[in-house]
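Read the structure below first, then the notes.
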2 protein chains.
Amino acid sequence: MKIKVIVTLKKGVLDPQGKAILQTLNGMGYSNIDEIRQGKFFEISVNEDNEAKAKAQVEDMCKKLLANLVIEDYKII
Amino acid sequence: MKIKVIVTLKKGVLDPQGKAILQTLNGMGYSNIDEIRQGKFFEISVNEDNEAKAKAQVEDMCKKLLANLVIEDYKII
């Protein structure tokens with residue numbers, strides 16, 4: 001079963017990578033972009049048929065490794 | 001209007017970062033994970049009220065900057 005996770009920086013945490021992309025887009029002529037925030041995406045193949053169990057395991061992995069909960073949020077989609 | 005984009009490596013393209021995470025998870029005792037693929041996530045605030053127009057613009061930005069279409073796919077969500 002494939003579980004997808006998005007990890008994003010919490011609101012208020014500086015995102016220099018997003019800012020760099022924004023400046024580049026402005027330079028390319030896209031003038032109506034207010035902000036870009038970059039995050040990470042994971043697609044995890046779990047060998048488990050029960051969706052609830054697989055998601056619980058992925059949530060555990062997010063807390064322990066995939067996300068830094070001090071500055072990041074995760075969302076299982 | 002906020003538009004979200006996921007950029008992933010195409011199937012068959014080597015993902016060393018995903019492999020490194022998989023090995024770490026195995027070492028932490030998660031033995032039922034078959035594969036992890038890592039991608040990028042963007043949240044883009046477009047100053048445009050028309051959703052179709054905003055998405056069309058983001059698609060254009062994906063093709064020109066955010067995704068490398070030789071090795072990556074993008075998905076506007």
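First the proteins, then the strands, lettered A, B, ... as listed; each starts at 1.
- With a 6.0 Å radius and a threshold of 12 heavy atoms from other residues, nucleotides or ligands, B/Lys10 has its NZ atom above the threshold.
- Within 6.0 Å of CD in B/Glu43 there are more than 12 heavy atoms belonging to other residues, nucleotides or ligands.
- Note on B/Val46, B/Ile3, B/Leu22: by heavy-atom pairs under 4.5 Å with chain A, the leading option is B/Val46.
- The contact between B/Thr8 and chain A is made entirely by side chain atoms (from C-beta outward), counting heavy-atom distances below 4.5 Å.
- Across every non-hydrogen atom of B/Met61 and A/Leu25, the tightest pair is CE-CD1, 3.4 Å.
- B/Glu72 and B/Lys40 are joined by a salt bridge, as a carboxylate oxygen and a charged side-chain nitrogen come within less than 4.0 angstrom of each other.
- Of the two parts of B/Lys2, neither the backbone nor the side chain holds a non-hydrogen atom closer than 4.5 Å to a non-hydrogen atom of chain A.
- What you find for A/Ile44 and A/Val58 is that their closest heavy atoms are CD1-CG1, 4.0 Å.
- Comparing A/Leu65, A/Asn32, A/Ile33 by how many heavy-atom pairs each has under 4.5 Å with chain B, the most go to A/Asn32.
- Counting heavy-atom pairs closer than 4.5 Å to chain A, the top-ranked of the candidates B/Ile77, B/Ile36, B/Val7 is B/Ile36.
- Of the listed residues (B/Asp34, B/Val5, B/Ile21, B/Thr24), the one with the most heavy-atom contacts under 4.5 Å to chain A is B/Asp34.
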